[in-house]
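Let me begin by presenting the structure, written as structure tokens, before commenting on it.
Only heavy atoms go into these numbers, but all of them, side chains included; no hydrogens, no water, no symmetry mates. Keep in mind it's a predicted model, so treat the numbers as computed, not measured.
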Amino acid sequence: MLQPKKVKYRKIQKGRVRGADSRGLDLAFGDFGLKSTETARVDARALEAARIALTRHIKRGGRVWIRVFPDKPFTKKPAETRMGKGKGSPEGWVACVRPGRILFEMEGVEAAVAREAMRLASHKLPIKTIVVEREAHGA
């Protein structure tokens, strides 16, 4: 699973994920992409599940890029613990995703296979997504 090798602080504040993204809006590497249409915190486990679904469907043909990285830790308190007594310990990593962000890219496979693979991957993610294609690809 994706996670940073080293971080400056173990625990950080939650913050808010608001507004539309201004970076990572266009396809940079592949011919097909999975673009988010909602705001959410996407867990590293969800990204890994989507990546596996994607690569399994294309049967390890073509190339896949993951365009988001889960670099924000989230904490959790143990079950059946009373309120107070400080913040919980780090539990996992999330990527803050805003509308318009390309999450995955792919090249080297047929259009129908790529669309189906992206559809399968989107079911593993907690947000609504759309499949985007490079304009020059159809010509």
Please report the closest heavy-atom contact between V109 and G61, naming both atoms and the distance.
CG1-O, 4.0 Å

Using the rule that two of Ile, Leu, Val, Met, Phe, Trp, Tyr join whenever any of their side-chain heavy atoms come within less than 4.5 Å, decide whether L125 and V64 are in one cluster.
yes

Hey, any chance V113 and L54 share a hydrophobic cluster, counting ILVMFWY side chains that come within less than 4.5 Å of each other, even indirectly?
yes

Is the shortest side-chain heavy-atom distance between R18 and R98 below 4.5 Å?
no

Are L2 and V97 connected into the same hydrophobic cluster when the rule is that any two of I, L, V, M, F, W, Y join if their side-chain heavy atoms are below 4.5 Å apart?
yes

For the residue pair C96 and R41, what are the closest heavy atoms and their distance?
SG-CG, 4.2 Å

Indicate, with yes or no, if I102 and L34 share a hydrophobic cluster defined by side-chain heavy-atom contacts under 4.5 Å among Ile, Leu, Val, Met, Phe, Trp and Tyr.
no

In Å, rounded to the nearest 0.5 Å, how long is the span from OG1 of T75 to NZ of K14?
7.5 Å

Are the side chains of H123 and R119 in contact, using a 4.5 Å heavy-atom criterion?
yes

Give, for atom CD of E110 and atom CZ of R115, the distance between the pair rounded to the nearest 0.5 Å.
11.0 Å

Minimum heavy-atom distance R67-R101, with the two atoms named:
O-NH2, 3.5 Å

Heavy atoms of other groups near K11 NZ, more than 12 under 6.0 Å
yes

Are any side-chain N or O atoms of K124 and backbone N or O atoms of R45, one a donor and one an acceptor, separated by less than 3.5 Å?
no

For the residue pair D31 and E133, establish whether any side-chain heavy-atom pair is separated by less than 4.5 Å.
no

Considering non-hydrogen atoms only, spot the tightest contact between D26 and E105 and give its length.
O-OE2, 4.0 Å

Search all heavy atoms of S122 against all heavy atoms of T129 and return the closest pair with its distance.
CB-OG1, 3.1 Å

Should L103 and I58 be counted in the same cluster of Ile, Leu, Val, Met, Phe, Trp and Tyr side chains packed under 4.5 Å apart?
yes

A40 versus I127, closest heavy-atom pair with distance:
CB-CG2, 2.9 Å

All N/O donor-acceptor pairs, side-chain side in residues 84-94, below 3.5 Å, sequence neighbours left out:
{"unit_1": "K87", "atom_1": "NZ", "unit_2": "I12", "atom_2": "O", "d": "3.0"}

Quick one: does E38's side chain have a donor or acceptor within less than 3.5 Å of a partner on K128's backbone?
yes

Is the shortest heavy-atom distance from the side chain of V7 to the side chain of P73 under 4.5 Å?
no

Taking the side chain as everything from C-beta on, heavy atoms only, tell me whether V42 gets closer than 4.5 Å to V68.
no

Under the criterion side chain to side chain contact (heavy atoms under 4.5 Å, CB included), I'd like the reasoning laid out for F32 against V132: C-alpha separation, chi angles, the key distance, then a yes or no.
CA-CA 6 Å; F32 302 94; V132 291; over 6 Å; no

Distance from I130 atom CD1 to M118 atom CE, nearest 0.5 Å?
12.0 Å

Listed once per pair and sorted, the ring pair (Phe, Tyr, Trp, His ring centres under 6.0 Å) pairs that draw on residues 43-87, sequence neighbours left out
F29-W65

